[in-house]
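Lettering follows sequence order; numbering is per chain, from 1. Just so it is clear, the model here is predicted, and its values are computed rather than measured.
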There are 2 protein chains.
Amino acid sequence: MSTAHRFTPEHIARAHAQSAQTPPAETDPRVEALVRDLIGCVADKWTMLILELLAEQGATRFTQLNRRIGTISQKMLTQTLRHMERNGLVIRTVHPVVPPKVEYALTELGLSLGAAFCGVWIWAENNLDAVEASRKSFENRAAEP
Amino acid sequence: MSTAHRFTPEHIARAHAQSAQTPPAETDPRVEALVRDLIGCVADKWTMLILELLAEQGATRFTQLNRRIGTISQKMLTQTLRHMERNGLVIRTVHPVVPPKVEYALTELGLSLGAAFCGVWIWAENNLDAVEASRKSFENRAAEP
DNA sequence: ATTTATACTCACCAAAAAGAGAGCGTAGAC
DNA sequence: GTCTACGCTCTCTTTTTGGTGAGTATAAAT
């Protein structure tokens, strides 16, 4: 997947610019806990997928998202979108028509998170084979001790 | 936490160098599935924490890891470490003494994954406040429609 | 009159993940 | 002789997660 390229160089550059701003060493355990918690909220499978899709296609309707992802249940989709909205990653726009029309789009924050995840996607793409090899050799080691 | 700084600039530079190698657009659905799967295996809470700790302190014993993390159960720690070993992120060294001594250390692969996650930690650090604010306003919107 | 589309919510159930606590084998300290 | 340390594993129970299928409101199309 060209996940690596769904975010423009500018996004990524922005993410790195932020990293330069970060104070050199701060180890407040409260901050640490918050950061962990935040990542826990934000770094799940569905969130990452939706981030990707919205970055790729811009504003998208509920049912379209549902169809594109294919394997997600309505329940999970709603739930994930609500969490994302709460965390400021997407904006939900309701058009008061009937049948209902609701669009979801990434915010700046959502976009920047997508850029941050980029590194992980790239890592996965580049290291698929290494991991695969490692698994094989692990299984062999386990087989004959 | 200065999570951002547990990985040296060289590691991060290496991660970006990889990104430059990535072919511009490749959307093989099989690769896509594999990448997703891999991220699913690798991007969980405990793995990320252990990656951090090992990057920070180098080779560490089981009980030390357990104590440092504090909130992890032995079961989860063992399980996570096994998965990481299988995926080639850590090496497990058994010293045949009694009482047992087992050390865990990051591999190159583990180190590079840590570097990739760096962007996400940095994002979380930098955007804690934005997320917090967004949550507050979301709750307010929910309260009075 | 019936069907269709949309974006949900709700109640229920099954499966998966995670925590708690006990046990184990053995060497050295007391 | 008993206790402790270490790195687990095993079983049992609880919690969390996620899927399923039904229901809702309403206007337009058939």
Gap between atoms [atom1] and [atom2], on [X] and [N] respectively (whole Å):
X: Ile69(A); N: dA7(C); atom1: CD1; atom2: P; value: 14 Å
X: Leu81(A); N: dT9(C); atom1: CG; atom2: P; value: 11 Å
X: Lys101(B); N: dC8(D); atom1: NZ; atom2: C1'; value: 17 Å
X: Asn66(B); N: dG7(D); atom1: CG; atom2: C1'; value: 10 Å
X: His95(B); N: dC6(D); atom1: NE2; atom2: P; value: 15 Å
X: Ile72(A); N: dA7(C); atom1: CD1; atom2: C1'; value: 14 Å
X: Leu77(B); N: dA20(C); atom1: CG; atom2: C1'; value: 16 Å
X: Met76(A); N: dT16(D); atom1: CE; atom2: C1'; value: 10 Å

Distance test, side-chain N/O of [X] to OP1/OP2 of [N], below 4.0 Å:
X: Arg61(B); N: dG7(D); value: yes
X: Arg82(A); N: dC8(C); value: yes
X: Thr63(B); N: dG7(D); value: yes
X: Arg92(A); N: dC8(C); value: yes

Side-chain donor-acceptor pair under 3.5 Å between Thr63(B) and Arg67(B), yes or no?
->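 No, no side-chain donor-acceptor contact under 3.5 Å.
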With Trp46(A) as reference, evaluate Leu81(A), Thr71(A), Leu77(A) under the side-chain contact (heavy atoms from CB on, under 4.5 Å) test and give the passing residue.
->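 Answer after filtering Leu81(A), Thr71(A), Leu77(A): Thr71(A).
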Say whether Val102(A) and Phe138(B) are linked into one hydrophobic cluster, either directly or through other cluster members, by side-chain heavy-atom distances under 4.5 angstrom.
->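 No; tracing contacts between hydrophobic side chains, which count when under 4.5 Å, never links both residues.
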State whether the number of non-hydrogen atoms from other residues, nucleotides or ligands found under 6.0 Å of Arg135(B) atom CZ is greater than 12.
->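 Atom CZ in Arg135(B) is packed in, count exceeds 12.
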Which atom pair, heavy atoms only, marks the closest approach of Asn87(A) to Cys41(A)?
->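 Looking at all heavy atoms of both residues, the shortest contact is ND2-CB, 4.2 Å.
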Pro100(B) side-chain proximity, nearest of dG25(C), dA27(D), dT9(D) =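 Output: dG25(C).
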Tell me what Val102(A) touches on the nucleic acid: a base, only sugar-phosphate, or nothing, going by heavy atoms under 4.0 Å.
->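 Counting heavy atoms under 4.0 Å across all strands, the contact made by Val102(A) is with sugar-phosphate only.
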If you look at every strand shown and take non-hydrogen atoms under 4.0 Å, does Lys75(B) touch a base, only sugar-phosphate, or nothing?
->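 Counting heavy atoms under 4.0 Å across all strands, the contact made by Lys75(B) includes a base.
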Considering heavy-atom distances to DNA chain D, does Pro99(A) or Gln74(B) have its closest nucleotide positioned more toward the 5' end?
->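 Its nucleotide being nearer the 5' end, the pick is Gln74(B).
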In terms of the nearest nucleotide of DNA chain D, which residue is placed more toward the 5' end: Gln79(A) or Glu103(B)?
->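 On the 5' side of the pair lies Glu103(B).
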